[in-house]
Number of protein chains: 2
Amino acid sequence: MSDTAQSSRPSGRAGAEASAPPEKPARRSDATRAAILSAARERFAADGYERATIRAIARDAGIDPSMVMRYYGNKEGLFAAAAEIDLGMPDVIWLGEGKRPLTVDYVHGDVRPVGVILVEHFLDLWEDSEILTALLRVGVTNTSGAERMQEIFKEQLVPVAAQYAPDPESVPRRAALVASQVLGMALARYVLRFPAAVELSREEVIDWLGPTVHRYLTAAEA
Amino acid sequence: MSDTAQSSRPSGRAGAEASAPPEKPARRSDATRAAILSAARERFAADGYERATIRAIARDAGIDPSMVMRYYGNKEGLFAAAAEIDLGMPDVIWLGEGKRPLTVDYVHGDVRPVGVILVEHFLDLWEDSEILTALLRVGVTNTSGAERMQEIFKEQLVPVAAQYAPDPESVPRRAALVASQVLGMALARYVLRFPAAVELSREEVIDWLGPTVHRYLTAAEA
DNA sequence: TAGATTCGCCAACAAGCGTTGACCAACGAC
DNA sequence: GTCGTTGGTCAACGCTTGTTGGCGAATCTA
């Protein structure tokens, strides 16, 4: 409850600057907010939802627990804010036409099979930040965490699958298959830390999973 | 602390019966113990470690919370007892020699590719009981849960991989790859419940994952 | 029948949780 | 300088958790 500031945007700062993002007050407490969010991601990633206590997060951020409540309403709200994720899926286009369709990743100027590009991209995502670990650890035991994962799957992975599936009706199925393999490797490697999965080199993971993902996306149905 | 009964096994019941399993006192409270264990598995599967409270488990089992402590020492002990799992991996042998090695499952008299047999077996495991769901939900946020999964992986899945890997040195890697795909599908389908993964028919899962698992086990390295 | 043991319930504990509201200090506008 | 707004701390609340010890009833042993 309470909007933090409902009747207090009369003066010059609110709607006068750039108009691309509708609102950006730039408050004095932004540093604190960011510290809370960062600490929350760390704790959620390390401990999951229940054991990541607001008190511990506040301690990590160097502030009082009540600040968390003030800025994010409650624990659910804090998690929702911390689990705001953009997978940044590579902007790819279809190049091949025969048996081995290729794609180009505009950002990296890469021309390789989709499967390989995607697996590499996911490895980067999981290793560059702990936010996906947090989401997975929470999603497994928390309803709203699982719903968040479903949204991300639907809004960010399905569209990629739609570019490659030979049959539009099979798109969600294919996306689910890709998710199962990618999430499964993340689970074994970054969450459960199976030694044999951790010891796989980046190249090995790409070489083994790339073709699998590629097949899930592009192969004719059984 | 306290062994439940340290100086109280003098009389005739203890070591007198069948000698195959070393000890089987057959206590009067076995029904209660079983009820607790069953309720615990349900709760751990549904809620994960933290939210599966001893009080809730006791309520489900229709007894007092203190009974749980008496019989299993503490919550950790209860989980350890509830997570005692035998995957019952099919007793398989190598039949093929060319490109498509086959196996026979002695129990079912089945002759098909290993990948298919394994995927089918895991589907049965996940659907016939909630114990694997419990283990996965707990393993993701709880250290001893994760360790339990590592043990099961090492003792029950790696030996299967050892029968098929062309190179003995690659066995753990291949087992990890298989685990990543099988666990990933279980995660998407039974834990996170991605609609697209839930809607896959049993046959579709087998047709898509079977070849993947088969390749992870038997293909030459990249 | 007498005694010991097992089984179960009850009441309580110390600790930790999310959350709240009162209060003080710094800042910005006029 | 004054005053409203914001940023932050402190102490406490009601509740739930894992865990403990005592006590009565049922059961087994003899």
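None of the values given here were measured: they were computed from a predicted structure. Labels below follow one simple rule: chain letters A, B, ... track the order of the sequence lines, proteins then strands, and each chain is numbered from 1.
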Q.
To check you understand the geometry: which heavy-atom pair defines the closest contact between A/Ile117 and A/Pro90, and what is its length?
A. CG2-CG, 4.0 Å
Q. A/Ile36 has an atom CD1; how far is it from atom C1' of C/dG18, in whole Å?
A. 15 Å
Q: Tell me which residues in residues 44-56 of chain A put a heavy atom below 4.0 Å from DNA chain C, sorted by number, or none.
A: A/Thr53, A/Ile54, A/Arg55
(Q) If I take atom CZ in residue A/Arg59 and atom C1' in nucleotide C/dC17, what distance separates them, rounded to the nearest angstrom? (A) 12 Å
Q. Rounding to a whole Å, what distance do you find between A/Asn74:CG and C/dC17:P?
A. 17 Å
**Q.** Flag for A/Tyr190-A/Glu127: side-chain donor and acceptor within less than 3.5 Å
**A.** yes
Q) Looking only at side chains, do B/Ser144 and B/Glu76 share a donor and an acceptor under 3.5 Å apart? A) yes
Q.
Could you tell me how far apart B/Leu78 (CG) and D/dT19 (P) are, to the nearest whole angstrom?
A. 10 Å
Q. Separation of A/Ile57 atom CD1 from C/dC17 atom P, in whole Å?
A. 11 Å
**Q.** Proximity to the side chain of B/Tyr71 - top-ranked nucleotide from D/dG8, C/dG8, C/dT19
**A.** C/dG8
Give me the distances for all protein-to-nucleotides 9-11 of chain D N/O pairs that come in under 3.5 Å?
from   : atom 1 : to      : atom 2 : distance (Å)
D/dT9  : OP2    : A/Asp64 : N      : 2.9
D/dC10 : N4     : A/Ser66 : OG     : 3.1

Q: Applying side chain to side chain donor-acceptor pair (under 3.5 Å), name anything that partners B/Asn74, two or more places apart in sequence or on another chain.
A: none
Q: Could you check A/Thr212 against B/Tyr216 for side-chain hydrogen bond (donor to acceptor under 3.5 Å, both in side chains), going step by step and ending with a plain yes or no?
A: CA-CA 10 Å; A/Thr212 300; B/Tyr216 289 162; 2.8 Å; yes
Q.
Does A/Lys154 qualify as a cation-pi partner of B/Phe194, given the criterion of NZ or CZ under 6.0 Å from the six-membered ring centre and within 45 degrees of its axis?
A. no
Q | Pair B/Arg43-B/Thr53, side-chain donor/acceptor within less than 3.5 Å | A | no
Q | Whole-Å distance separating the CG atom of A/Asp30 from the C1' atom of C/dC27 | A | 15 Å
**Q.** Ring geometry between A/Phe79 and A/Phe44 (parallel below 30°, tilted from 30 to 60°, perpendicular above 60°)
**A.** perpendicular
Q | Between D/dG18 (P) and B/Glu76 (CD): distance, integer Å | A | 12 Å
**Q.** Cation-pi, B/Tyr71 ring and B/Arg33 (6.0 angstrom, 45 degrees)
**A.** yes
